[in-house]
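Model, not experiment: these values are computed from the prediction. Hydrogens, waters and symmetry mates play no part in the numbers below; they use all other heavy atoms, side chains included. Labels below follow one simple rule: chain letters A, B, ... track the order of the sequence lines, proteins then strands, and each chain is numbered from 1.
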Protein chains: 2
Amino acid sequence: MSNLSTLSQPKRNVDIASQQETAWRQQGSLWSNLRQVCELLAIPAPATADDEDTLFQHVRYKAGQRIHRIGQAFDTLYIVNSGFVKTLHIDEFGNEQVLSFPMKGDILGIDGIHKQHYASEAVALSDCDMILVPYKTFAALGRIHCELEQAMFSVMSREIVREQMMISMLSALSAEAKVARFLTNLGERFSQMGYSGRSFNLRMTRQEIGSYLGLTLETVSRTLSALNELGMISVEQREINLLDTAALKSLRRLPPAKARNKVAEKVTALVNKNLLPQWNPELSTAIN
Amino acid sequence: MSNLSTLSQPKRNVDIASQQETAWRQQGSLWSNLRQVCELLAIPAPATADDEDTLFQHVRYKAGQRIHRIGQAFDTLYIVNSGFVKTLHIDEFGNEQVLSFPMKGDILGIDGIHKQHYASEAVALSDCDMILVPYKTFAALGRIHCELEQAMFSVMSREIVREQMMISMLSALSAEAKVARFLTNLGERFSQMGYSGRSFNLRMTRQEIGSYLGLTLETVSRTLSALNELGMISVEQREINLLDTAALKSLRRLPPAKARNKVAEKVTALVNKNLLPQWNPELSTAIN
DNA sequence: CGCCAATTTGAGTCCCATCAATATTTGTGG
DNA sequence: CCACAAATATTGATGGGACTCAAATTGGCG
């Protein structure tokens, strides 16, 4: 967090830089080249890139450490290499509002570009290894490698789409559906990272989950218990097992205990009749 | 309410282009140059730009017309020059979820960059004049004018921040606060466009407002009536007057209906007034 | 004028927040 | 290593805010 000035030099001056690198390595820092960063972001690396041309510094954060603050002058983007993070707003009353739970491959700080000050706060949920991307380097790369500019727009567009999905979820779904989707989404993320998408443990508190989903921590806890009793998941503290991902994904609301069986029949009946072509936007618009 | 587009004067230099332009003009098309587009987006125009170098076509949409669909192949961005638009998601059950109400100076279609297909639907709420920006032109401009690339990142970042604010609002505020903020935000938008920020009329239905805010149309209607009775606004159908913007902005939750109706609730009323000077954020949090 | 969409308003219900008590886990220092 | 404190989770009881269902009214438009 301290000497960011040294890393804004894209080109490495071998003699001096290698000394510094050794020093950084001792405190847990590493360097990644452009190809590695692109792979992490799941975007195609420019063929023209020289692996040693541009290097990006790693920085480690311990659980609980703040990565950037609201209002802080913006100059670098962060890419999560390992570990778990939360980003949040703090409203005029001091209440925290969790906005996202970035993990491996996610990028932080984009919201700072607009006003050149970070618009959100980022805090490490676990020990993290973050890659620093000075914004100036970021912008310069777009001009050097045309394909990269396209990829950078794509990454920002993806973030916008993700937030749109979040808005839809927040304003349309019941508490049970929110929690169910949260778990399945998390599972998919873990799968992509090479871990089990079925069995994992949460890195965040019920409070943080509730804030993220627009619920209270008690409702989150109760909902997890309910999903547990219904056999869709098993949960003990932060240890989660997804037992019926299909049911979780299609869950809209937990029917009142008396009618639970009936509604389940209805849904399956509709699906069988092809009236609910789920998760296919093309078809659902055709219905109108 | 209709034709604001006198500011876009087509410049013609080529013979072929002028023929086409005449044809387009007959169906209501005009052209804007890069400088005019930048002004509309409120970003600095590159000094190196030749006014005749790149021209952007206008297209008019009538109220109710669709501008782009979900899943449609993405190739152009749209900038609102005049008129009002709504963008929306359609979930797997066919329910509409309004995402934004773009107006003059707003950009549409960014969500299509990621997958090269639009992720949302855009519909004109009134007659509209839209400027077409082919995505290829957009990308090429960033490479030609370095300042523009920065501005384009900034515009996308601004969109991300806007959606973050939306997420915070959806998950933390009461129905009254949502409606109140919606109105004050609209007022500010109208002010920026040169209209009255105090007195305006809504271009969208209660249904659409409710979808946008995560409420039902009945709740929106009831809330507007309540704000009307409290003297914060006056509302008749879609005609809105903001009478106390300060109160609206700081509104968290309406006092319980009992306290409003029971005029002669003696001591308790006074106590409530002292302890709960409603729509005063400072004090109401101090109580918590 | 007549039709249909939009809006308003009412009555009843339920989901979720709130308040509260307890249990369990984590962290810390002696 | 244990004890104690603080943080985190679970579970219950209760009330209220927003949804649902329903009816009446208004306004727009062919």
Side-chain angles (χ1 to χ4, degrees), chain A residues 62-64 86 95-96 125-126 170-180 201-211 213-229 233-240 251-260 263, chain B residues 1 62-64 86 95-96 125-126 170-180 201-211 213-229 233-240 251-261 272 276 278 284-285 287-288:
Chain A
K62 291 182 180 176
K86 67 172 176 181
N95 301 323
E96 289 192 359
L125 287 176
S126 65
L170 281 174
S171 62
L173 297 189
S174 67
E176 300 84 20
K178 286 178 182 176
V179 173
N201 63 323
L202 304 170
R203 311 305 162 96
M204 63 291 285
T205 68
R206 305 287 193 263
Q207 173 97 261
E208 288 161 341
I209 296 173
S211 172
L213 297 176
L215 303 171
T216 61
L217 66 95
E218 295 96 329
T219 298
V220 173
S221 178
R222 262 186 269 270
T223 304
L224 288 174
S225 299
L227 295 178
N228 186 28
E229 281 194 32
I233 68 173
S234 74
V235 52
E236 188 174 346
Q237 294 295 127
R238 299 199 178 178
E239 200 66 37
I240 299 282
L251 182 61
R252 295 221 101 197
R253 53 189 0 134
L254 281 186
K258 47 184 180 183
R260 266 173 199 173
V263 174
Chain B
M1 128 155 172
K62 291 183 179 175
K86 68 171 175 181
N95 301 322
E96 289 191 0
L125 287 177
S126 66
L170 282 173
S171 62
L173 296 189
S174 68
E176 300 84 20
K178 287 178 181 176
V179 173
N201 63 323
L202 305 170
R203 310 304 161 92
M204 63 293 285
T205 67
R206 305 286 192 264
Q207 173 97 260
E208 288 162 340
I209 297 173
S211 172
L213 297 176
L215 303 171
T216 61
L217 65 95
E218 295 97 328
T219 298
V220 173
S221 176
R222 263 185 266 268
T223 303
L224 287 174
S225 300
L227 295 177
N228 187 28
E229 281 194 35
I233 68 173
S234 74
V235 51
E236 188 174 346
Q237 293 295 127
R238 301 201 178 178
E239 201 65 38
I240 298 282
L251 181 63
R252 291 224 104 193
R253 53 191 6 138
L254 247 29
K258 48 186 178 185
R260 268 183 279 152
N261 298 335
N272 285 338
L276 300 172
Q278 39 265 32
S284 53
T285 44
I287 292 173
N288 300 340

Look up atom [atom1] in [X] and atom [atom2] in [Y], then write down how far apart they are to the nearest 0.5 Å.
X	Y	atom1	atom2	value
L215(A)	S221(A)	CG	OG	12.0 Å
I209(A)	T219(A)	CD1	OG1	12.5 Å
L170(A)	K178(A)	CG	NZ	5.5 Å
Q207(A)	L217(A)	CD	CG	5.0 Å

Distances under 3.5 Å between protein N/O atoms and the N/O atoms of nucleotides 28-30 of chain D, please, pair by pair.
none

So, does [X] use its side chain to make a donor-acceptor pair with the main chain of [Y] at under 3.5 Å?
X	Y	answer
S171(A)	L213(B)	no
T223(B)	E176(B)	no
R203(B)	N201(B)	yes

side-chain contact (heavy atoms from CB on, under 4.5 Å) involving [X] - partner list, sequence neighbours excluded:
X	result
S126(A)	F84(A), C128(A)
S234(B)	N228(B), N241(B), L243(B)
E208(B)	K86(B), V98(B), F101(B), L125(B), M204(B), T205(B)

Report which part of the nucleic acid G210(B) touches: base, sugar-phosphate, or nothing (heavy-atom distance under 4.0 Å, all strands). nothing
Using whole Å, what does the distance between atom [atom2] of nucleotide [N] and atom [atom1] of [X] come to?
X	N	atom1	atom2	result
N228(B)	dT9(C)	CG	P	9 Å
L202(B)	dT7(C)	CG	P	9 Å
I240(B)	dT7(C)	CD1	C1'	12 Å
E176(A)	dA17(C)	CD	C1'	14 Å
E239(B)	dT8(C)	CD	P	13 Å
L213(A)	dC16(C)	CG	C1'	14 Å

In the 5'-to-3' direction, what one-character label does each nucleotide of nucleotides 7-13 of chain D receive under the scheme B = base within less than 4.0 Å of a protein heavy atom, S = sugar-phosphate only, - = no such atom? -SSBBBB
Axis-to-axis angle between the two ends of the helix from dC1(C)-dG30(D) to dG30(C)-dC1(D) (five base pairs per end, rounded to 10 degrees):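 Answer for the end axes of this duplex: 50°.
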L224(A) side chain reached by V179(A) side chain, heavy atoms, under 4.5 Å: yes
